[in-house]
Amino acid sequence: MTIDRIWSYPADSGHAEGQDLTGYGVIATDGSLGHVEREDGHHGMWHLVVDTGVWLFGRSAVVPAGVVTSVDGTGRRISLSCTVDEVKEAPRFRTDSETMDPAYLTAVADHYRRLTPRGTTTA
């Protein structure tokens, strides 16, 4: 499997290598999403497992590092370039073993790559 930008933190995001993001709040473009349950980079494919809490959609979600727009270490917040619904529509995360399954990770990457970049319009 080829590693691409969707699995890497953007250079201007403020993420520092080795930074522990566990417990950071996660903010989508349209509101709070939850908090980071853990961060993983299996095979260089960095992603966050976000606990959305029962009030949102009652499950955890895998969010690739490439959709992180900023990491605020002081405020312990991470901002994303997608909406709450776009995260909700991503392939459902059920078990930790999925984060090591190439087919699952490919489906997650494909979902987030299809999203319209912020500030652009579709024809």
Q.
For a 4.5 angstrom cut-off between non-hydrogen side-chain atoms, does Asp96 reach Arg38?
A. yes
Shortest non-hydrogen pair, Ala65 vs Pro10, comes out as O-CD, 3.6 Å
Main-chain N/O of Asp40 paired to His42 side chain as donor or acceptor, under 3.5 Å: no
By salt bridge (charged side-chain N to carboxylate O under 4.0 Å, His left out), Asp30 pairs with (sequence neighbours left out) none
Open item on the list: Which label fits His15 and Tyr9: parallel for a plane angle under 30°, tilted from 30 to 60°, or perpendicular past 60°?
Closed with: parallel
Donor-acceptor check, side chain of Thr52 to backbone of Arg59, threshold 3.5 angstrom: yes or no? yes
Output for pair (Thr29 OG1, Leu80 CG), nearest 0.5 Å, gives 8.5 Å
Per side chain to side chain contact (heavy atoms under 4.5 Å, CB included), Val68 is matched among Leu48, Leu21, Val26 by Leu48
Checklist entry - Any side-chain donor paired with an acceptor under 3.5 Å for Thr22 and Asp20? => result yes
Kindly work out whether a path of hydrophobic side-chain contacts (I/L/V/M/F/W/Y, heavy atoms less than 4.5 Å apart) joins Ile27 to Val36. no
Exercise. With side-chain contact (heavy atoms from CB on, under 4.5 Å) as the test, would you mind laying out the steps for Phe93 and Val63 before giving the verdict?
Key: CA-CA 10 Å; Phe93 173 72; Val63 177; over 6 Å; no
Heavy-atom nearest pair, Tyr112 first then Val62, reads OH-O, 3.4 Å
Notebook entry, point to check: Does a side-chain heavy-atom distance below 4.5 Å link Tyr24 with Gln19?
Noted result: yes
Nearest heavy-atom contact between Cys82 and Leu115 is CB-CD1, 3.8 Å
Rounded to the nearest 0.5 angstrom, the OG-CG distance for Ser13 and Asp72 is 12.0 Å
Validation row: Ile6, Val67 side chains within 4.5 angstrom (heavy atoms) = yes
Note to self: Tell me whether Arg113 is salt-bridged to Asp110, with the criterion being a basic N under 4.0 Å from an acidic carboxylate O.
What the structure shows: yes
Rounded to the nearest 0.5 Å, the CZ atom of Arg92 sits from the OG atom of Ser60 at a distance of 10.0 Å
Heavy-atom nearest pair, Arg94 first then Glu98, reads N-OE1, 2.6 Å
On a heavy-atom basis, the closest approach of Val108 and Pro64 is CG1-CG, 3.9 Å
* Is a side-chain N or O of Thr69 found less than 3.5 angstrom from the main chain of Ser79, in a donor-acceptor match? -> yes
